[in-house]
Amino acid sequence: MTVRPATGTLRSEAAFERAKLVTPGGVNSPVRAFRSVGGTPRFIASSSGAYLYDVDGNELVDLVCSWGPMLLGHAHPDVIGAVADAAARGTSYGAPTLAEVDLAAEIIDRMPVEQVRLVNSGTEATMSVLRLARGVTGRDKIIKFAGCYHGHVDALLAAAGSGVATLSIPGTPGVTDATIADTIVVGYNDRDAVRDAFTSFGDEIAAVITEAAPGNMGVIPPGTEDGIGFNAFLVGIAHDHGALLISDEVMTGFRVSRSGQFGLDGVRPDLMTFGKVMGGGFPAAAFGGRADLMQNLAPVGTVYQAGTLSGNPLATTAGLVTLRLATQEVYEQIDRTAAQLRAEVRAALAAAGVPHVIQNAGNLFSVFFVAEGVTAVPDYATATQQSTAAYAAFFHSMLRSGVYLPPSAYEAWFLSAAHDDRAVNRIVDALPAAAAAASASG
Ligand SMILES: Cc1ncc(COP(=O)(O)O)c(C=O)c1O
């Protein structure tokens, strides 16, 4: 293993001080600020394959992968080449392009959707899909699950995961009571709570929205009861009451299999949202579903939705090349790497006597530093019991060894096809010290 000698963090520290003067918290998305693990975020200068290079000259094995998009690794030459070609032809036209149609067709080929509309972010996708669900059902209420994060849509920030969980923000000032009055929040995997909500508000509920497999409160796979998976239960109960199931595959889509979580559990929702991998590292996302529902969107129908940069030619090019390169072999390779890492992390933590639970949805996984005796984390309430101090100690030890983990205990670890033996060996070598640090933290 060759670890490039660390040159410290002075440049990142100076950049962070400067950044804090010009933008709140010095970052453009809260979790990047390292608040829950402490210390200074690394400012990144460049990336390649499995590695990030910070402005201080450190080489870091990246287990964040831009929070999911970089399935093929950073700066994949085919993606960069295609984007450079596209950029030379112009960066935005405000008129239809062939690449948009090709990307939509690729998504439809992989996912149980008949039509899609391209947007710029996962947030925009979930915001738009809620409007559509409400528009077609004529109902206002939605059910969401505590700890699921669907972007910073006002109605969906109630008991949200990701940065909201990381920063322990109970609710968000600026979101009106009226906006969240129609949001019913229930515990993930809690079937009785879902039944109760439908019993109380059945004919007012437009949709249930769920992460296909939650990854924003740590990874919490949908549970199975009497042979029926949670997603299958949700689609059944929603349809019994004339409501829709919206499956948010922004994180899992095109990542946990070529067809996302749908590829693992086969549950067909009415509407879906996508993002991250399908943009190949550019701002692109989508929502889609049954044609009879999607046909309610303007200009065919009356539910309005639009975007100046939607279907941007650089983003659609990057997404299309990424998806076309994301073959079955790529998924199998990432699955193998993920399984190996889960086993290595488990062994290192066990050797250091650190109580933990590792959960996964396909190749997406995370580690919970739980209390002794806890064997599973089925919901957000349990996730919040984990030791974030242990995670912080573990995180910083890994960082000192040249491994960049998500700077929050509530986030999934993301791998790419570029995580080869060299990268994996660096991670494995770093684990004993990190496990010892976690052990010493509490
Ligand atoms: C499941 C899920 N939905 C929606 C979003 C929001 O996507 P974006 O950050 O692109 O707005 C995220 C972001 O992490 C996500 O994980």
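In each ligand, atom 1 is the first atom listed, and ligand 1 is the first ligand listed.
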What is the nearest protein non-hydrogen atom to atom 15 (C) of ligand 1, stated with its residue, atom name and distance? Asn216 ND2, 3.7 Å

Looking only at protein heavy atoms, which one is nearest to atom 9 (O) of ligand 1, and what is the separation? Thr123 OG1, 4.5 Å

Taking the six-membered ring of Phe274 (Phe, Tyr or Trp), confirm whether the NZ or CZ of Lys276 is under 6.0 Å from its centre and within 45° of its axis. no

Hey, is ligand 1 close enough to Met251 that some N/O pair sits below 3.5 Å? no

Quick one: nearest non-hydrogen protein atom to atom 10 (O) of ligand 1, plus distance? Gly122 N, 2.8 Å

Which residue and atom name correspond to the protein heavy atom nearest atom 3 (N) of ligand 1, and how close is it? Asp248 OD2, 2.7 Å

Checking side-chain polar atoms at under 3.5 Å, does Asn231 have a donor or acceptor matched by the opposite partner on Asp265? yes

Whether Arg258 and Asp109 form a salt bridge (side-chain N of Lys/Arg under 4.0 Å from carboxylate O of Asp/Glu) is what I want to check. yes

Could you tell me, atom by atom, which parts of ligand 1 come under 4.0 Å of a heavy atom of Glu211? 1 (C)

Evaluate the side chain to side chain donor-acceptor pair (under 3.5 Å) criterion for residues Arg117 and Gln305: first the C-alpha distance (whole Å), next the side-chain angles of each, then the deciding distance (0.1 Å), finally the verdict. CA-CA 9 Å; Arg117 169 70 50 91; Gln305 188 281 330; 3.0 Å; yes

Residue among Thr337, Asp335, Thr252 satisfying side chain to side chain donor-acceptor pair (under 3.5 Å) with Asn363: Asp335

For atom 5 (C) of ligand 1, closest protein heavy-atom neighbour: Gly151 N, 3.6 Å

Which ligand 1 atoms, with their elements, are less than 4.0 angstrom from a heavy-atom of Ser121? 10 (O), 11 (O)

Closest to atom 2 (C) of ligand 1 among protein heavy atoms sits Tyr149 O, 3.3 Å

For Tyr53 and Glu59: C-alpha separation, side-chain torsions, deciding distance, then whether side chain to side chain donor-acceptor pair (under 3.5 Å) applies. CA-CA 5 Å; Tyr53 299 92; Glu59 179 191 80; 3.2 Å; yes

Of the listed options (His150, Glu124, Lys276, Met127), which comes nearest to atom 4 (C) of ligand 1 when hydrogens are ignored and any heavy atom counts? His150

Under the side chain to side chain donor-acceptor pair (under 3.5 Å) criterion, do His239 and Asp270 qualify, and how do the steps go? CA-CA 10 Å; His239 288 179; Asp270 302 290; 2.8 Å; yes

